[in-house]
Amino acid sequence: MFYVYLLFLKNSHLYTGTTKDLKRRIAEHSLGKVASTKNWRPLRLIHYEAYLLEEDAMRREKYLKTTYGKRDIRRQLSSLLKLLKLT
């Protein structure tokens, strides 16, 4: 399985990534081993999607990083994002 995941960072931004081992990758983010997120901890896994093929996961990640993809995922997770930004 290949995973596309979204992290909610301390600065209220979303980080999108892909991995084959979701638990390991989230642990790396949490421990500060990922340069792009180490200064924005604590972070929370708020969404993930599973794909059988790596190319499908990569295509989805690429889409979610576009303006349209960001808008769609924020709309989909709007209730959760509202709750997280208020706490």
Side-chain angles (χ1 to χ4, degrees):
M1 290 293 240
F2 296 89
Y3 300 92
V4 177
Y5 62 93
L6 271 73
L7 300 175
F8 185 80
L9 306 177
K10 183 172 86 171
N11 63 354
S12 297
H13 288 123
L14 294 179
Y15 174 89
T16 305
T18 57
T19 185
K20 187 171 181 166
D21 185 344
L22 186 60
K23 288 183 182 181
R24 176 192 53 80
R25 190 63 173 157
I26 300 307
E28 289 173 352
H29 281 288
S30 296
L31 295 172
K33 294 183 177 182
V34 180
S36 55
T37 60
K38 72 178 181 180
N39 295 321
W40 302 110
R41 295 176 293 151
L43 44 82
R44 296 174 72 176
L45 175 66
I46 61 167
H47 180 78
Y48 69 91
E49 302 170 2
Y51 294 87
L52 292 174
L53 299 177
E54 183 177 19
E55 60 200 46
D56 291 335
M58 298 297 287
R59 189 177 309 110
R60 178 66 170 162
E61 177 193 21
K62 188 174 181 179
Y63 172 71
L64 290 176
K65 289 182 175 183
T66 67
T67 301
Y68 295 114
K70 288 176 186 177
R71 183 194 63 209
D72 289 347
I73 200 69
R74 286 181 184 276
R75 188 177 301 145
Q76 181 182 345
L77 302 174
S78 62
S79 296
L80 175 62
L81 292 173
K82 215 178 284 183
L83 180 67
L84 288 172
K85 287 181 181 180
L86 293 176
T87 57

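These numbers come from a predicted model, not from an experiment.
Put simply, Leu22 and Phe2 are part of two different groups of oily side chains (I, L, V, M, F, W, Y) that touch within less than 4.5 Å, one to the next. Cluster membership for Leu80 and Val4, using ILVMFWY side-chain heavy atoms within less than 4.5 angstrom, is shared.
Within 6.0 Å of CG on Leu53 lie more than 12 heavy atoms contributed by other residues, nucleotides or ligands. Atom NZ of Lys65 is surrounded by more than 12 heavy atoms from other residues, nucleotides or ligands within 6.0 Å.
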Item checked: Stepwise side-chain contact (heavy atoms from CB on, under 4.5 Å) test for Val34 and Arg25 -> CA-CA 9 Å; Val34 180; Arg25 190 63 173 157; 3.5 Å; yes
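The distance from the CG atom of Leu31 to the CZ atom of Arg41 is 7.5 Å, given to the nearest 0.5 Å. Separation of atoms CG (Leu45) and CG (Leu7) is listed at 6.0 Å; rounding is to 0.5 Å. Between atom OG of residue Ser78 and atom CG of residue Leu83 there is a gap of 11.5 Å, rounded to the nearest 0.5 Å. Residue Ile46 holds its CD1 atom at 9.0 Å from CG of Leu9, rounded to the nearest 0.5 Å. Atom CG of Asp56 is separated from atom CD of Glu61 by 13.0 Å, given to the nearest 0.5 angstrom. Remark: Lys62 NZ to Met58 CE distance equals 9.5 Å, nearest 0.5 Å.
Looking at residues two or more places apart in sequence or on another chain, you find no salt bridge (charged side-chain N to carboxylate O under 4.0 Å, His left out) involving Lys70. Listed by chain and number, the residues in a side-chain hydrogen bond (donor to acceptor under 3.5 Å, both in side chains) with Glu49 are His47, Tyr51, Arg60 (sequence neighbours excluded).
Counting heavy atoms from C-beta on, the side chains of Tyr63 and Asp72 come closer than 4.5 Å. Side-chain atoms of Leu81 and Leu14, non-hydrogen and from C-beta on, do get closer than 4.5 Å to each other. Here the side chains of Pro42 and Lys10 are in contact, with some heavy-atom distance below 4.5 Å. At least one side-chain heavy atom of Leu77 sits less than 4.5 Å from a side-chain heavy atom of Ile73.
The nearest pair of heavy atoms linking Leu43 to Ser30 is CD1-OG, 3.9 Å. The two residues Tyr3 and Tyr48 have their closest heavy-atom pair at CD2-CD1, 4.0 Å. Closest of all the heavy-atom pairs between Ala50 and Met1 is CB-CE, 3.7 Å.
Listed by first and then second residue, the ring-ring contact (aromatic ring centres under 6.0 Å, His included) pairs that reach into residues 14-39 are Tyr5-His29, Tyr15-His29, sequence neighbours excluded.
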